[in-house]
Asker: 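Got a structure for you, written out below as structure tokens; questions coming shortly.
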Amino acid sequence: MILPLLKGLILIIKRFFNPNAVVTQQYPEERPKLPSRFRGLPELQIGKDGRERCIACGLCAKVCPSKCITVEGATDKTTQRRYPEVYELDAFRCIFCGFCEEACPVRAVILRDTFELSTYQNKDIFDKKQLLDLTRKRKISF
Ligand code: SF4
Ligand code: SF4
């Protein structure tokens with residue numbers, strides 16, 4: 001009981017004698033150090049062939065508790081490969097639970113460290129291209 005009070009008091013006294021000490025992170029100039037297990041916006045992953053890894057199975061949309069993922073699949077006529085013709089994620093509704101990442105059978109969606117999601121619009125829907133571009137910027141493919 002007394003110890004936390006003393007610790008707080010010592011901190012205040014230290015700050016009092018060192019007014020230049022910065023206690024507030026100077027965001028956005030100073031970038032925050034995120035924990036390694038931080039869960040940001042779900043991002044679509046890219047395969048070695050440069051295309052989306054997603055096979056449009058729809059499992060992520062099924063498990064999403066916020067129902068914020070829309071997937072509409074199609075089949076590539078030449079390769080017979082399934083792909084998402086439409087993949088949309090409503091960032092306003094996402095609660096960053098990570099269920100979509102867990103459910104995906106091909107690791108096509110991963111929550112990385114994208115957290116700056118503010119917008120001037122009254123909706124924040126990321127389409128397939130935007131979700132893939134986040135990964136392209138990182139130059140990750142597997
Ligand atoms: S992180 Fe959770 S809420 Fe967000 S899209 Fe994935 S399953 Fe839905
Ligand atoms: S991201 Fe994964 S779970 Fe979601 S539709 Fe694509 S392959 Fe299926």
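Both counts, for ligands and for their atoms, begin at 1 and track the order of listing.
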Asker: Check each of I55, I110, L131, L44 against atom 7 (S) of ligand 2 and report the one with the nearest heavy atom.
Answerer: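 Among I55, I110, L131, L44, the closest heavy atom to atom 7 (S) of ligand 2 belongs to I55.
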Asker: Minimum heavy-atom separation for F99 to V63, with atom names?
Answerer: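 So the two residues come closest at O-CG2, 3.7 Å.
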Asker: Mind running salt bridge (Lys or Arg N to Asp or Glu O under 4.0 Å) on E116 and R31 for me, showing each step along the way?
Answerer: CA-CA 11 Å; E116 288 159 310; R31 308 301 297 170; 2.9 Å; yes
Asker: Relative to each other, are the rings of F115 and Y27 parallel, tilted or perpendicular (30° and 60° limits)?
Answerer: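 Ring orientation, 0 to 90° scale: tilted.
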Asker: Need the ligand 1 atom indices (1-based, order shown) with element for anything under 4.0 Å from a heavy-atom of F96.
Answerer: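 Result: 1 (S), 4 (Fe).
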Asker: Can L134 be reached from V109 by stepping across I, L, V, M, F, W or Y side chains whose heavy atoms are under 4.5 Å apart?
Answerer: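 They do share one cluster, since a chain of ILVMFWY contacts under 4.5 Å joins V109 to L134.
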Asker: Look at D133 together with K129 and state whether they make a salt bridge at an N to O cut-off of under 4.0 Å.
Answerer: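 Salt bridge between D133 and K129, a charged N being under 4.0 Å from a carboxylate O: yes.
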Asker: Considering only heavy atoms, which of A103, C104, P84, A61 lies nearest to atom 2 (Fe) of ligand 2?
Answerer: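 Considering heavy atoms of A103, C104, P84, A61, the nearest to atom 2 (Fe) of ligand 2 sits in C104.
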Asker: Using a 4.0 Å cut-off to any heavy atom of I69, which atoms of ligand 1 qualify?
Answerer: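 Reading through ligand 1 atom by atom, the close ones are 5 (S).
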Asker: Please verify whether a non-hydrogen atom of G58 lies at under 4.0 Å from ligand 2.
Answerer: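 The answer is yes: ligand 2 sits under 4.0 Å from a heavy atom of G58.
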Asker: Could you list which atoms of ligand 1 come closer than 4.0 Å to a heavy atom of S66?
Answerer: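 Numbered from 1, ligand 1 contributes 3 (S).
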Asker: Any idea which protein heavy atom is nearest atom 6 (Fe) of ligand 1, and the distance to it?
Answerer: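 Minimum-distance protein heavy atom for atom 6 (Fe) of ligand 1 reads C100 SG, 2.4 Å.
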Asker: Find all atoms of ligand 1 within a distance of less than 4.0 Å from any non-hydrogen atom belonging to I95, and give their numbers and elements.
Answerer: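 Once the distances to I95 are compared, the set is 3 (S), 4 (Fe).
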Asker: Could you check whether atom NZ of K33 has more than 12 heavy atoms from other residues, nucleotides or ligands sitting under 6.0 Å from it?
Answerer: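 For K33, atom NZ is not crowded (no more than 12 foreign heavy atoms under 6.0 Å).
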Asker: Would K128 and E88 pass as an ion pair if we require N to O under 4.0 Å?
Answerer: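 So K128 does not pair with E88 through a salt bridge.
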Asker: Could D113 and R37 be called an ion pair, given the rule that one side-chain N must be under 4.0 Å from one carboxylate O?
Answerer: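 Between R37 and D113 there is no salt bridge, as every charged N stays at least 4.0 Å from the carboxylate O atoms.
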Asker: For C64, counting its heavy atoms only, list the atoms of ligand 1 lying under 4.0 Å from any of them.
Answerer: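 Contacts of ligand 1 toward C64, numbered from 1: 3 (S), 5 (S), 7 (S), 8 (Fe).
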Asker: Got an N, O or S from C60 under 2.8 Å of atom 6 (Fe) of ligand 2?
Answerer: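 No, since none of the N, O or S atoms of C60 sits under 2.8 Å from atom 6 (Fe) of ligand 2.
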Asker: At less than 4.0 angstrom from any non-hydrogen atom of C94, what atoms of ligand 1 do you find?
Answerer: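 That gives atoms 1 (S), 3 (S), 4 (Fe), 5 (S) of ligand 1.
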Asker: Within the stated cut-off of 2.8 Å, is an N/O/S atom of C68 closer than that to atom 6 (Fe) of ligand 1?
Answerer: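 It does not: C68 brings no N, O or S atom closer than 2.8 Å to atom 6 (Fe) of ligand 1.
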Asker: Relative to ligand 1, is V109 under 4.0 angstrom through side chain, backbone, both or neither, heavy atoms considered?
Answerer: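 The answer is neither; V109 stays 4.0 Å or more away.
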